[in-house]
Structures are given as structure tokens and as C-alpha cells.
Participant: 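The structure follows.
Note: hydrogens, waters and symmetry copies are ignored here, and every other heavy atom, side chains too, is used. Numbers here simply count residues along the sequence, with the first being 1.
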Amino acid sequence: LRQSVVLAAIAASMLVAAPSAQAVIQVQRGISGIAIGMTPAQVTAGLGGPSHMTTGTNGFGPYTQYVYPGGMTITFQGNTTVTAIAISGPTDRTVRDVGIGSTLTAVKHGVRNIKCQTFARITDCRVGKLIAGNRVTVFMLKHGRVTRVTIAILFE
């Protein structure tokens with residue numbers, strides 16, 4: 001009986017101390033273990049091959065986008081390293097439980113150094129300054145709820 005109690009206590013403590021299996025949004029760094037600056041090989045090593053890939057050219061030059069199930073899009077502007085990571089699915093949360101579906105109040109209270117603005121019924125809350133070369137994390141809200149989270153490097 002004593003051994004059963006000890007084993008139950010150990011199992012309970014492991015449940016409390018175990019890290020969340022849920023993927024994590026790391027503000028200004030990355031999402032689901034994918035970080036700004038990673039190479040395409042590092043991304044596929046971490047997430048596997050994308051379900052869809054798009055290539056093209058825009059005002060900043062050539063780019064490639066990897067699209068993954070669950071609403072994750074990874075952009076390689078210049079085709080060399082990750083320059084943006086975006087999610088629109090509910091798979092990832094910050095350590096303070098902010099993610100897709102969160103309210104504006106939750107974003108304001110759960111993300112440090114956040115600044116929000118509303119234009120045409122769309123609210124964007126961001127960490128980081130909108131200056132070329134800076135890294136920003138943006139929580140886009142429609143109808144009062146987060147619909148997209150993006151971490152990106154800004155280009156001129």
C-alpha cells in the first residue's frame with residue numbers, strides 16, 4: 001500500500017511539473033519551435049515538409065512560403081531564412097495562454113509591452129516598433145477575438 005501511495009504521489013508530481021504538450025508562441029522569437037532566422041532545412045527538420053508551398057516575387061524580391069496544417073504559414077523572404085511565422089489555427093498559445101480566440105482584454109493583460117490600435121473594425125496589437133529591420137509580433141483581432149498571430153522582420 002505504501003508503495004502505491006508513493007507511486008501515485010510521484011505520478012501526480014510529474015503531471016504538475018510536466019511541460020505543456022501544446023505548442024508555444026514565443027513573442028518576438030517564434031512559434032511551435034520555429035524561429036526567425038531559421039533555414040528551410042531547419043524548418044523541415046522541425047515540422048516536416050509543408051502541405052503546400054508557394055514561391056514568387058514581390059516588392060522585396062523572391063520569397064517562398066511553407067503552409068502547414070493547422071493554419072501555420074512560414075515565409076522566407078529572400079529564400080534563405082525565416083522572415084515571418086504566422087498562425088491562424090488554435091494550436092499555439094503564449095505562456096500566459098494568449099492565442100487564436102483570445103479577447104482583446106486577454107491580449108492586453110497577457111502580453112508585455114503590447115500596443116493596440118483599431119482601424120476599420122480590425123484591431124492589431126503589437127510588440128515592437130514598425131521600423132525596417134525590427135522584429136514585431138502582431139495579434140490581429142476581428143470581432144474582438146484574435147484571428148492571426150504573426151512574428152516577422154520588417155522590410156523597407
Participant: Kindly give the heavy-atom pair with the smallest separation between Q28 and R135, and that separation in Å.
Facilitator: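 Closest pair (atom of Q28, atom of R135, distance): O-CD, 2.7 Å.
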Participant: Residues in side chain to side chain contact (heavy atoms under 4.5 Å, CB included) with S88, at least two apart?
Facilitator: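 With sequence neighbours excluded, S88 shows a side chain to side chain contact (heavy atoms under 4.5 Å, CB included) to R148, given in chain and number order.
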Participant: Please lay out, stage by stage, how V138 and V149 fare under the test side-chain contact (heavy atoms from CB on, under 4.5 Å).
Facilitator: CA-CA 6 Å; V138 179; V149 179; over 6 Å; no
Participant: Quick one: does T150's side chain get under 4.5 Å of V136's, heavy atoms only?
Facilitator: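 Sidechains of V136 and T150: no contact.
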Participant: What is the distance from atom CD1 of I31 to atom CD of Q26, rounded to the nearest 0.5 Å?
Facilitator: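 With rounding to 0.5 Å, CD1 (I31) is 9.5 Å from CD (Q26).
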Participant: Under 4.5 Å between side-chain heavy atoms, chaining through other members, with only Ile, Leu, Val, Met, Phe, Trp and Tyr counted: pull out the rest of the cluster around F155, sorted by chain and number.
Facilitator: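 Traced through the cluster, F155 reaches F60.
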Participant: Using the rule that two of Ile, Leu, Val, Met, Phe, Trp, Tyr join whenever any of their side-chain heavy atoms come within less than 4.5 Å, decide whether I153 and Y66 are in one cluster.
Facilitator: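 Yes, it is one cluster - the side chains of I153 and Y66 are joined through contacts under 4.5 Å.
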Participant: On a heavy-atom basis, which atom in L104 and which in C116 lie closest, and how many Å separate them?
Facilitator: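 Closest heavy-atom pair between L104 and C116: CD1-SG, 3.9 Å.
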Participant: Return the set of residues passing side chain to side chain contact (heavy atoms under 4.5 Å, CB included) with I34 (not counting sequence neighbours), or none when no residue passes.
Facilitator: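 I34 satisfies side chain to side chain contact (heavy atoms under 4.5 Å, CB included) with M38, V43, L47, I74, V82, I85 only.
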Participant: So which atom in G37 and which in Q42 form the shortest heavy-atom distance, rounded to 0.1 Å?
Facilitator: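 So the minimum-distance heavy-atom pair works out to O-OE1, 4.4 Å.
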Participant: Report, one line per pair, each donor and acceptor closer than 3.5 Å where one atom sits in a side chain of residues 119-134; sequence neighbours left out.
Facilitator:
from: T123; atom 1: OG1; to: T118; atom 2: OG1; distance (Å): 2.7
from: D124; atom 1: OD2; to: Q117; atom 2: NE2; distance (Å): 3.2
from: N134; atom 1: ND2; to: K129; atom 2: O; distance (Å): 3.2

Participant: Let me confirm one number: the CE-CD1 distance from M72 to I87, rounded to the nearest 0.5 Å.
Facilitator: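 M72 atom CE to I87 atom CD1 measures 6.5 Å (nearest 0.5 Å).
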Participant: Side-chain contact, heavy-atom cut-off 4.5 Å: N58 with Q77?
Facilitator: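 In short, these two side chains touch, coming nearer than 4.5 Å.
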Participant: Taking C-beta and beyond as the side chain, do V111 and V27 meet within less than 4.5 Å on heavy atoms?
Facilitator: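 Yes, at least one pair of side-chain atoms sits under 4.5 Å.
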Participant: Before you tell me yes or no, could you show the steps for H109 and R96 under side-chain contact (heavy atoms from CB on, under 4.5 Å), namely the whole-Å CA-CA distance, both residues' side-chain angles and the distance that decides it to 0.1 Å?
Facilitator: CA-CA 9 Å; H109 287 101; R96 291 187 166 183; over 6 Å; no
Participant: Among T73, T55, T75, which residue meets the side chain to side chain donor-acceptor pair (under 3.5 Å) test with Q65?
Facilitator: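 It is T75; the other options fail the test.
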Participant: Please name all residues satisfying side chain to side chain contact (heavy atoms under 4.5 Å, CB included) with H52, sequence neighbours left out, ordered by chain then number.
Facilitator: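 Per chain and number, H52 pairs via side chain to side chain contact (heavy atoms under 4.5 Å, CB included) with T54, V67.
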Participant: For the residue pair V146 and V107, establish whether any side-chain heavy-atom pair is separated by less than 4.5 Å.
Facilitator: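 The answer is yes, as the side chains (C-beta and beyond) meet within the 4.5 Å cut-off.
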Participant: Can you hop from F76 to Y63 via hydrophobic side chains spaced under 4.5 Å?
Facilitator: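 Per the 4.5 Å side-chain linkage, F76 and Y63 are not co-clustered.
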Participant: side-chain hydrogen bond (donor to acceptor under 3.5 Å, both in side chains) between R93 and S102: does it pass, once the steps are laid out?
Facilitator: CA-CA 9 Å; R93 316 288 288 177; S102 293; 3.2 Å; yes
Participant: Minimum heavy-atom separation for I151 and I36, please, with both atom names.
Facilitator: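 The answer is O-CD1, 3.6 Å.
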Participant: Which value, rounded to the nearest 0.5 Å, describes the distance between F139 atom CZ and K108 atom NZ?
Facilitator: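 Answer rounded to 0.5 Å: 14.0 Å.
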Participant: Taking side chain to side chain contact (heavy atoms under 4.5 Å, CB included) as the definition, give me every residue that meets it alongside R145, ordered by chain and number, with sequence neighbours left out.
Facilitator: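 Counting only residues at least two positions away or on another chain, R145 forms a side chain to side chain contact (heavy atoms under 4.5 Å, CB included) with T103.
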